[in-house]
Protein chains: 2
Amino acid sequence: MADIIATLQKERDGLSRSEQRIADIVFEDKQFAVNASIIELAARADVSPPTVTRFCRRLGCHSFSEFKVRVAQSAFIGTRYLEPEVKVTSSQEVIDTVMGRAQSTLNVLHENVDAEVVEKIAEQVLKAKMIYAFGSGGNSSLFAHEVQNRLFRLGLRVTASEDHSMQLMTASTLGEDDMVIGLSISGRNREMARALEIASGYGAATATISKSESLVAQASEMNLAVDLPEGTDVLRPSSARYAFMAAIDMIAFLVAIKRKDSAIEPLRRIKRQLVTFRDEDDTQVLGD
Amino acid sequence: MADIIATLQKERDGLSRSEQRIADIVFEDKQFAVNASIIELAARADVSPPTVTRFCRRLGCHSFSEFKVRVAQSAFIGTRYLEPEVKVTSSQEVIDTVMGRAQSTLNVLHENVDAEVVEKIAEQVLKAKMIYAFGSGGNSSLFAHEVQNRLFRLGLRVTASEDHSMQLMTASTLGEDDMVIGLSISGRNREMARALEIASGYGAATATISKSESLVAQASEMNLAVDLPEGTDVLRPSSARYAFMAAIDMIAFLVAIKRKDSAIEPLRRIKRQLVTFRDEDDTQVLGD
DNA sequence: TTCATCTATGTAAATTATTTTCTTATCGAT
DNA sequence: ATCGATAAGAAAATAATTTACATAGATGAA
């Protein structure tokens, strides 16, 4: 179930002039688009109804009414996020925008994520005797730690590093039993690409979560692609973080399922440790 | 404009027998209801099309198609994913589950978030001369760093700590110009509650992102409530992380907007630094 | 009980919306 | 200039939806 608004944005430039007019109206007034009849929408875009039908088909919908439903479904509270420059002032608008962007980002990832790659990476994680999560810069380094945070709970050996030099040095010490997971939102992290190549050269498995075709992605065996349009508004927090979170989530969840038996014991121990230490309420779930 | 599904639930018992049948079908198969024509829906409920039209009117919609749109809009996407036990095996199921939960979690937060609290916290962040982000345990400590990561980019003075002892000691040194932001998913972090009280005692402002009414929430002046049902399945990664991410996002975004002029310069500098260092492509946005 | 009345619902007609088919116009390449 | 491809409208055909009307069944008062 793809996010039609995201699709619309992606395809917009490939549409004909009349169709672009329709697209623009849908963008700028979804409330109208969703409630109007095909005739009303056609009139407002100054095109004929058949053009609207063709427009819907081109976007992968079977009929106009399917199109309307898809537009309505695409959590359009915050779809304004897709437009580069949105004027946002009130706190409620900020909330709606943040939420809309997060939702849409996740939709885009959901639509594009490659289940096979997730599977392959998870398999490799299970095989590795030690895992090294690399990421640099405030965002990606955070995710390197997230990888560590998620995998150690499953009883896996894992460490995270955000230090380029350490990454390079570490890479040189690896072998066939090791695995490197590299995280880079931009995909332009040269040092990381280098570290991945070195690790690969010594026989370690390499996986990345990054932009497809990017420097970093090309340097590793497996890349879980996270390609998202990032606006140019410097004030806009990168919504890609939600997608990265989800990408890590998928891998960790799949790994957890695959090694269910051996994963439960470490989790149980962590939990007991937390509960005993903090308070006696057993309902707490590995909370913080 | 109320959530049509909620309305439906509330009104169901007041409907006639035929209408109840329609209601039940809509409930149990929204996907179908949203895509079917009035004839198909009528056939499935074993009623005539006019009955469906009357049903829609009774629910406050002007037409059947308005009804469909309202159903499509009602955030029903993933509520099933919030239910504790869903059996998942294939990688595609893992992906769908991770995505569904993330979406549902964000929806729940969106519905419940208190815009005034977000506003108040943002205001305080702007006033503070120094900000301390506290969080412990793999998850919350990550978010403490996320707070740092987001705010330093806006030219604010901020540091993060995941160390209980450091938090306690730091708290004792604070004064009126300082602000502590405490993060705790479970809300049961006693040491953090203590640190917040100490900081408060010395006149520092305190805000938390945590479960409402929790130990941690009660220890601070302002709490941005993140209340989510967490299943008991230990293998399930806590989806609360998406909500925390979003909560931080909201605060940071609002702060960014409020101090737009002074925030742009540090961001510009960070960007230039990254671009110059990495490569000449100016389109890169504070990526990693 | 019986009749009046009201509600729920269906049928068929009327209306409206949507799609298909066919045609014309436009644009770019040869 | 001509061909072919694409775009887009007009009109016809089809399908969906609503309206108007009719009827059955229930309810309740005389």
Side-chain angles (χ1 to χ4, degrees), chain A residues 4-5 7-74, chain B residues 1 4-5 7-27 29-74:
Chain A
I4 189 90
I5 296 293
T7 312
L8 191 53
Q9 217 212 5
K10 211 166 50 195
E11 309 272 291
R12 200 212 103 115
D13 292 341
L15 299 173
S16 74
R17 208 164 320 133
S18 304
E19 288 173 338
Q20 285 186 8
R21 274 207 305 282
I22 302 171
D24 292 344
I25 286 167
V26 172
F27 255 128
E28 122 211 335
D29 195 350
K30 292 175 197 80
Q31 202 61 45
F32 168 80
V34 134
N35 290 301
S37 74
I38 197 170
I39 295 168
E40 291 165 328
L41 179 55
R44 181 143 156 197
D46 204 17
V47 300
S48 65
T51 300
V52 176
T53 297
R54 285 188 282 254
F55 164 83
C56 298
R57 298 262 160 84
R58 190 180 296 240
L59 265 66
C61 297
H62 182 263
S63 66
F64 175 64
S65 87
E66 187 185 321
F67 171 77
K68 287 209 293 188
V69 163
R70 298 267 308 266
V71 171
Q73 279 178 338
S74 77
Chain B
M1 191 168 53
I4 191 89
I5 294 294
T7 311
L8 193 52
Q9 207 147 23
K10 213 167 47 202
E11 308 273 291
R12 198 211 104 116
D13 292 342
L15 299 174
S16 76
R17 211 169 311 137
S18 304
E19 288 173 338
Q20 285 185 9
R21 273 207 306 282
I22 302 171
D24 292 344
I25 286 167
V26 172
F27 256 131
D29 194 350
K30 298 182 192 73
Q31 204 59 46
F32 168 80
V34 134
N35 291 302
S37 74
I38 197 169
I39 294 168
E40 290 165 328
L41 179 55
R44 181 144 158 195
D46 204 18
V47 300
S48 65
T51 300
V52 176
T53 297
R54 285 187 283 255
F55 165 83
C56 298
R57 299 262 160 85
R58 192 181 293 239
L59 264 63
C61 297
H62 182 263
S63 67
F64 175 64
S65 87
E66 187 185 322
F67 171 77
K68 287 210 293 189
V69 163
R70 298 267 309 265
V71 171
Q73 283 177 340
S74 82

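Chain letters run A, B, ... following the sequence lines, proteins first and then strands; every chain starts at 1.
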Task: Closest to the B:Ile39 side chain, choosing from C:dT18, D:dA16, D:dT18 - done: D:dA16
Task: Among D:dA7, D:dA16, C:dA12, the nucleotide that comes nearest once only the side chain of B:Ser37 is considered - done: D:dA16
TODO: Name the closest nucleotide to the B:Ile38 side chain, picking from C:dG10, D:dT17, D:dA7.
DONE: D:dT17
Open item on the list: OP1 or OP2 of C:dT9 versus the side-chain N and O atoms of B:Ser16: is any pair under 4.0 Å?
Closed with: yes
Open item on the list: Rounded to whole Å, how long is the line connecting atom CD of B:Glu66 with atom P of D:dT18?
Closed with: 10 Å
TODO: Could you work out which one of C:dT19, D:dG9, C:dT9 sits closest to the side chain of A:Arg57?
DONE: C:dT19
Task: Salt-bridge present (A:Arg58, A:Glu19; N to O < 4.0 Å) - done: yes
TODO: With heavy atoms under 4.0 Å as the rule, sort A:Ser63 into base, sugar-phosphate or nothing.
DONE: sugar-phosphate
TODO: Could you work out which one of D:dT17, C:dG10, D:dG9 sits closest to the side chain of A:Val47?
DONE: D:dG9
Open item on the list: So that I know where these two stand, are A:Phe55 and A:Phe64 an aromatic pair - ring centroids less than 6.0 Å apart?
Closed with: no
Open item on the list: I want to check one thing: is the phosphate of C:dT9, taken as OP1 and OP2, less than 4.0 Å away from some side-chain N or O of B:Ser18?
Closed with: yes
Task: B:Asn35 side chain vs B:Gln31 backbone, donor-acceptor pair below 3.5 Å - done: yes
- [ ] Counting heavy atoms from C-beta on, name the nucleotide in C:dT9, C:dA8, C:dT21 closest to the side chain of A:Arg54.
- [x] C:dT21
Open item on the list: Any heavy-atom pair between the side chains of A:Cys61 and A:Arg70 that's under 4.5 Å?
Closed with: yes
Task: Under 4.0 angstrom between B:Thr51 side-chain N/O and C:dG10 OP1 or OP2 - done: yes
